[in-house]
Amino acid sequence: MRDNETNKVKENNGGTPVEGKQRHIILDALRGFALLGICMANYPEFSLYSFLESAPKENFPTAGIDKVVQWILYILIDGKFYTIFSLLFGIGFSIILENNRKRGANGLLIFYRRMFILLVIGFCHLLFIWSGDILMLYAAVGMTLPLFLRCKDRTLLIWSGIFLVLPVIIDYICQFTGVYLSKKLVEWQWLLCGRFGITEENFAYWLRDASNYEDMWRFLLMGAVERMQEFVDGNRYFKVLGLFLIGYWIGRKQYYIRLAELRKYLKTICLLGLIIGLPLSTLYAWSSMDSKPFGFGTHSLFYFISVYLTSFGYISGFCLLYLKNRERGVWKFLSYPGRMALTNYISQSIAGVLIFYGIGLGLGADMGLIYGEIIAIGVFLFEVGFSAGWLQYFRFGPLEWIWRCLTYNKFFSLVNSGK
């Protein structure tokens with residue numbers, strides 16, 4: 001009997017991924033919800049609408065409704081769902097460490113392998129599929145999380161607050177001093193543009209007109225530099241780390257398991273988040289639509305006071321609805337894509353390339369924003385159906401399976417033995 005138990009411990013020293021029965025549907029459903037918002041936030045860029053000048057946009061038959069949709073995106077979507085996704089990442093970090101600690105595995109070694117593999121996946125995504133990748137940043141910032149392992153709860157929250165406020169302070173300093181941290185990256189971007197023949201005139205149409213992958217890759221290479229510039233200009237690394245730490249604190253306290261105990265607090269956060277956050281998001285939307293009239297320091301302040309409040313309002317409201325009726329099919333509906341979040345995130349990019357770029361259907365830059373958003377919702381609904389069908393027969397999503405095998409350095413059966 002002892003030998004059998006010893007063997008089981010040895011087998012588990014490499015750690016194992018979370019199985020279906022161990023998963024928490026609220027976290028998977030929240031991931032699915034976040035994927036919908038991320039798809040809607042990203043598709044204006046995939047459809048090349050974001051690259052167009054004002055004149056072509058105003059010539060679309062849908063110009064009037066497009067402006068309404070753009071306001072809605074800034075108020076309800078922009079920044080909110082990547083915030084939710086980042087919080088969930090921090091929660092996932094705490095779950096990985098705790099599960100592997102119980103199994104006697106080296107949780108930190110597993111975590112670092114997991115982050116390195118995610119870094120490689122993100123790099124390939126950025127350089128070969130879409131310039132708007134967030135996975136590389138998640139992996140790079142995620143590697144700093146173990147530095148906060150021994151922090152007390154209060155210290156964690158203080159650090160998270162510092163990291164979330166820091167971008168506002170930096171932006172005000174840059175605004176008043178005239179120092180722009182991304183200046184060198186902008187120079188590199190336009191150097192690549194000059195080398196490849198990308199100009200201000202053909203910038204918005206390049207990917208639509210690219211009839212071969214080589215031309216598309218030239219734009220992606222330039223776009224990768226532009227993405228680094230966006231991270232610097234937006235101080236994204238500080239924002240992501242602050243959100244990771246809040247998520248890690250939530251996971252450490254296991255609040256996602258104790259939702260019923262927290263109902264009163266969830267109601268307060270939901271009310272404050274939505275009643276205060278949404279009107280402030282309107283202010284942020286106005287600043288975005290009007291080219292930041294008070295400067296990017298104040299714009300950053302509008303982002304800070306609106307996006308985080310609204311995001312926490314969304315999460316709390318989502319949890320309250322879940323508590324009200326856990327048996328509704330909507331939670332399972334959203335949990336399917338959430339269980340395959342990596343696969344679906346990359347799939348959204350592949351779908352965007354095939355629909356809007358020249359190597360696919362080439363529909364980009366030729367349609368209003370409203371049509372791009374309808375397509376985004378359609379892509380997400382397809383992912384829900386595909387994920388539901390896939391998980392009937394397989395234990396993990398395709399990329400999740402590869403990620404797990406490489407992370408734990410062992411082969412896991414992909415096929416669901418129950419089928």
Side-chain angles (χ1 to χ4, degrees), residues 30-54 56-86 130-134 204 226-227 230 233-234 236 239 243 273-274 276-293 296 299-315 317-318 334 337 344-345 348-349 351-352 355-356 363-381 383:
L30 264 172
R31 276 191 204 94
F33 180 55
L35 279 169
L36 170 60
I38 287 169
C39 194
M40 294 181 70
N42 288 341
Y43 265 53
E45 188 166 323
F46 271 117
S47 68
L48 310 180
Y49 182 87
S50 296
F51 297 161
L52 293 171
E53 299 291 337
S54 297
K57 290 179 180 178
E58 289 168 3
N59 287 333
F60 287 133
T62 58
I65 194 169
D66 286 343
K67 285 185 179 178
V68 175
V69 171
Q70 196 160 21
W71 272 94
I72 291 171
L73 289 175
Y74 276 125
I75 294 169
L76 300 181
I77 305 291
D78 194 59
K80 281 78 172 177
F81 289 87
Y82 116 83
T83 295
I84 297 172
F85 220 65
S86 300
W130 185 49
S131 306
D133 173 76
I134 195 70
E226 185 181 20
R227 185 60 168 167
E230 290 171 357
D233 284 341
R236 273 287 190 94
K239 294 174 182 176
L243 293 168
L274 298 183
I276 300 174
L278 287 176
L280 290 173
S281 290
T282 305
L283 192 62
Y284 166 70
W286 167 75
S287 178
S288 300
M289 297 282 284
D290 204 24
S291 303
K292 307 176 182 67
F296 59 90
H299 182 74
S300 182
L301 178 63
F302 290 161
Y303 181 98
F304 172 78
I305 62 178
S306 65
V307 167
Y308 301 134
L309 275 172
T310 307
S311 300
F312 280 100
Y314 283 173
I315 294 169
F318 192 94
L334 287 171
N344 285 316
Y345 175 73
Q348 287 175 5
S349 298
I355 294 168
F356 298 110
L363 300 181
D366 286 328
M367 65 173 65
L369 182 60
I370 180 66
Y371 291 125
E373 289 304 303
I374 290 171
I375 290 172
I377 294 169
V379 167
F380 175 75
L381 291 175
E383 288 183 330

Just jot down the side chain to side chain donor-acceptor pair (under 3.5 Å) partners of [X], sequence neighbours excluded, or say none.
{"X": "Ser349", "result": "His125"}
{"X": "Glu373", "result": "none"}
{"X": "Ser86", "result": "Tyr138"}
{"X": "Lys239", "result": "none"}

Name all residues meeting the side-chain contact (heavy atoms from CB on, under 4.5 Å) criterion together with [X]; count only those two or more places apart in sequence or in a different chain, and write none if there are none.
{"X": "Ser47", "answer": "Tyr49, Phe356"}
{"X": "Ser311", "answer": "Lys80, Thr83, Val307"}
{"X": "Leu301", "answer": "Val168, Tyr172, Ile305"}

Of all residues at least two apart in sequence or in a different chain, which pass the ring pair (Phe, Tyr, Trp, His ring centres under 6.0 Å) check with [X]?
{"X": "Trp286", "value": "Phe294"}
{"X": "Phe81", "value": "Phe33, Tyr314"}
{"X": "Phe85", "value": "none"}

For Arg236, enumerate each residue passing the salt bridge (Lys or Arg N to Asp or Glu O under 4.0 Å) test, keeping only those at least two apart in sequence or located in another chain. none
Between side-chain atoms of residues 56-64 and protein atoms elsewhere (two or more places apart, or another chain), which donor-acceptor pairs fall under 3.5 Å?
unit_1: Asn59; atom_1: ND2; unit_2: Ala55; atom_2: O; d: 3.3
unit_1: Thr62; atom_1: OG1; unit_2: Asp66; atom_2: OD1; d: 3.4
unit_1: Thr62; atom_1: OG1; unit_2: Asp66; atom_2: OD2; d: 2.9

